[in-house]
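Values below: every heavy atom of this structure, side chains too, minus hydrogens, waters and symmetry copies. The sequence lines fix the lettering, A, B, ..., with proteins before strands; numbering per chain opens at 1.
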Amino acid sequence: MNISTYTITPQAPYRFDFFRERIVTSSNSYLYDIGDQHLGRAHLIDGHHVFVRVSCPNQGSDAPEFHLHVEGAPDEAVAEKAMRLWRHMLSLDRPLYPFYAKMSGDPVLCGIIDQLSGLNLLLEADPFESMILSIIGQQVNLTFAENLKRALVELCGTRIELNGRSVYAFPTPEQIARLQYEDLRPLKYSQRKAEYIIDFARGVVNGEIDLAALEQMDNDEAIATLVKLRGIGRWTAECVLLFGLGRPDLLPAADIGLRNAIQHFYGLDHQPTEPEVRERATAWAGYESYVTYYLWTALGLAKAQAKKQKSTGN
DNA sequence: GGCCAGGCTAGCA
DNA sequence: TGCTAGCATGGC
C-alpha cells in the first residue's frame, strides 16, 4: 500500500487533543477512526478512496508535532489534496494569537481562553457535507442527530476496508440524490427532513446549486443565497459558513446554544435576544466564529462538569 | 408526562 | 408581515 507522510508543526498554541475530544463528544464521531493518539477518516478525492490518519504522540502539548499519513492515493497529487483537506479541517493555517490579542479586554472571554488555550476550529470536509449534517442537526438533540447521520452514511456512503479497518466515506451528492424520500423514513427521518436533504443533493448534482460559488461571496451574500433553498434557514446557512467554509467572522446570533452560553458566562438574568447578541458581538468583530466556538465549547464543558458532580453526589 | 433540543415551513390572520 | 402548529425522537 502506498502511504504518503507529512510532518506538521502548527503555530503554538495548538492543542491536537482538543480536536479528539471534540469529535468524541460530537454527533459526527462515527465518521472517524479514533485512537488514543490519532484520528482517521476516509475521503473520496478525485474518484479515489483514500484514508487519512493523523497521529500525534505529544497531543497534550500546546506546541505539538504530528504526522499525517495518506493511504490509498494513486499519486502524489491526490495525496497532497488529502493533506490540504486536513489542513483545512484542522484549521492549521489560522494562528490563534490574533484572536486572543483581540479579546484581551474581556475578562469573561479571557477566562475561557485560559481554559481552552490552543483550541482551534474543527471544520467539516466540504460545504456539501456541512450542509447535509447541518440540515440533519436542525432542532433535534445531539444523540438523535448522530443516529440520523450515521444511518444516512451507512445507507449510501461507500464502505472502505483498509488494513482491517472498516470506515465509511461521506456520501457524495450523487449517492444522496439517487435516494427516494421513503428510503429515509424507516431511518426515523421526518418526511420534510428527507425531502430537504435529497432535494439539496439533487440540486447540487443537476447544477442548480453552485457550492463553489459560495467561496467568492461575503457572508451576507452567501447566507442570502442559501436561505432561498427549501429547508435551509438562517441558522443552517450560518452553520455551513462557519463549519463548512471556515469563515472566522460568522455570528449565529439567534442560535440557542450561543445565547445560553452568553447568559451563563456573563451572568445575565435572562437569555439575550438576537439583537442583544449582535450588540455584544460588535466587540468581537473579525472573530465572531471563534468566540461562538469557544462559548459553545466552554458551556458544553460546564454542563458535563455539572452532570458529573450531580452523578457523584458532590 | 411535558417541555425543550445548536430550526424550518406552510398556513393562517 | 407576523404568528404558530407540526414535524420525529431523545433527554431531562
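Qualifying side-chain contact (heavy atoms from CB on, under 4.5 Å) partners for A:Thr7, counting only residues two or more places apart in sequence or in other chains: A:Glu65, A:His67. In terms of the salt bridge (Lys or Arg N to Asp or Glu O under 4.0 Å) criterion, A:Asp62 has no residue partners (sequence neighbours excluded). Listed by chain and residue number, nothing satisfies the ring pair (Phe, Tyr, Trp, His ring centres under 6.0 Å) test with A:Phe51 (two or more places apart in sequence, or in another chain). Evaluation of the side-chain contact (heavy atoms from CB on, under 4.5 Å) rule for A:Arg150 yields A:Tyr30, A:Glu146, A:Glu154 as partners, not counting sequence neighbours. With sequence neighbours excluded, no residue forms a ring pair (Phe, Tyr, Trp, His ring centres under 6.0 Å) with A:Phe170. When the side-chain contact (heavy atoms from CB on, under 4.5 Å) test is applied to A:Asp106, the partners found at least two apart in sequence or on another chain are A:Val108, A:Leu109, A:Tyr266, A:Trp284.
Using a 4.0 Å cut-off on heavy atoms, the residues of residues 249-260 of chain A that approach DNA chain B are A:Asp255, A:Ile256, listed by number. For the segment residues 177-202 of chain A, residues with any heavy atom less than 4.0 angstrom from an atom of DNA chain B are, sorted by number, A:Arg192, A:Tyr196.
For the P atoms, the distance from B:dG11 to C:dA8 is 15 Å, rounded to whole Å. Across the C1' atoms, C:dA5 and B:dG6 are found 22 Å apart, a figure rounded to whole Å.
Using a distance-only test at 3.5 Å, with no hydrogens or angles considered, a donor-acceptor pair links the side chain of A:Asp75 to the main chain of A:Val78. Of the possible donor and acceptor atoms, one in the side chain of A:Ser289 sits under 3.5 Å from a partner among the backbone N and O of A:Arg247.
When the P atom of C:dT9 is taken as reference, atom NZ of A:Lys149 falls 18 Å away, rounded to whole Å.
Applying the ring-ring contact (aromatic ring centres under 6.0 Å, His included) rule to pairs touching residues 189-225 of chain A yields A:Phe128-A:Phe200, sequence neighbours excluded. Sorted pairs that involve residues 207-227 of chain A and meet salt bridge (charged side-chain N to carboxylate O under 4.0 Å, His left out), not counting sequence neighbours, are lacking altogether.
Across all strands, A:Ser134 comes closer than 4.0 Å to no nucleic acid atom at all (heavy-atom distances). If you check every strand for non-hydrogen atoms under 4.0 Å, A:Gly231 touches sugar and phosphate atoms only. Within 4.0 Å (heavy atoms only), A:Tyr293 reaches no atom of the nucleic acid at all. Using a 4.0 Å heavy-atom cutoff across all strands shown, A:Gln138 reaches sugar-phosphate atoms only and no base atom. The residue A:Ile232 sits close only to the backbone: its heavy atoms come under 4.0 Å of sugar-phosphate atoms, none of a base.
A cation-pi contact, defined as under 6.0 Å to the ring centre and within 45° of the axis, links A:Arg202 to A:Tyr181.
First and last contacting nucleotides of DNA chain B toward chain A (any atom under 4.0 angstrom from a heavy atom, 5' to 3' order): B:dA5 to B:dA10.
Between A:Phe99 and A:Tyr290, the ring-plane angle classifies as tilted under the 30° and 60° cut-offs.
Salt bridge annotation for A:Arg41-A:Glu129: present, with a cationic side-chain nitrogen under 4.0 angstrom from a carboxylate oxygen.
Consecutive pairing runs in DNA chain B reach the stem threshold at B:2-5 with C:9-12, B:7-13 with C:1-7, where a stem means at least three Watson-Crick or G-U wobble pairs with distances under 3.5 Å.
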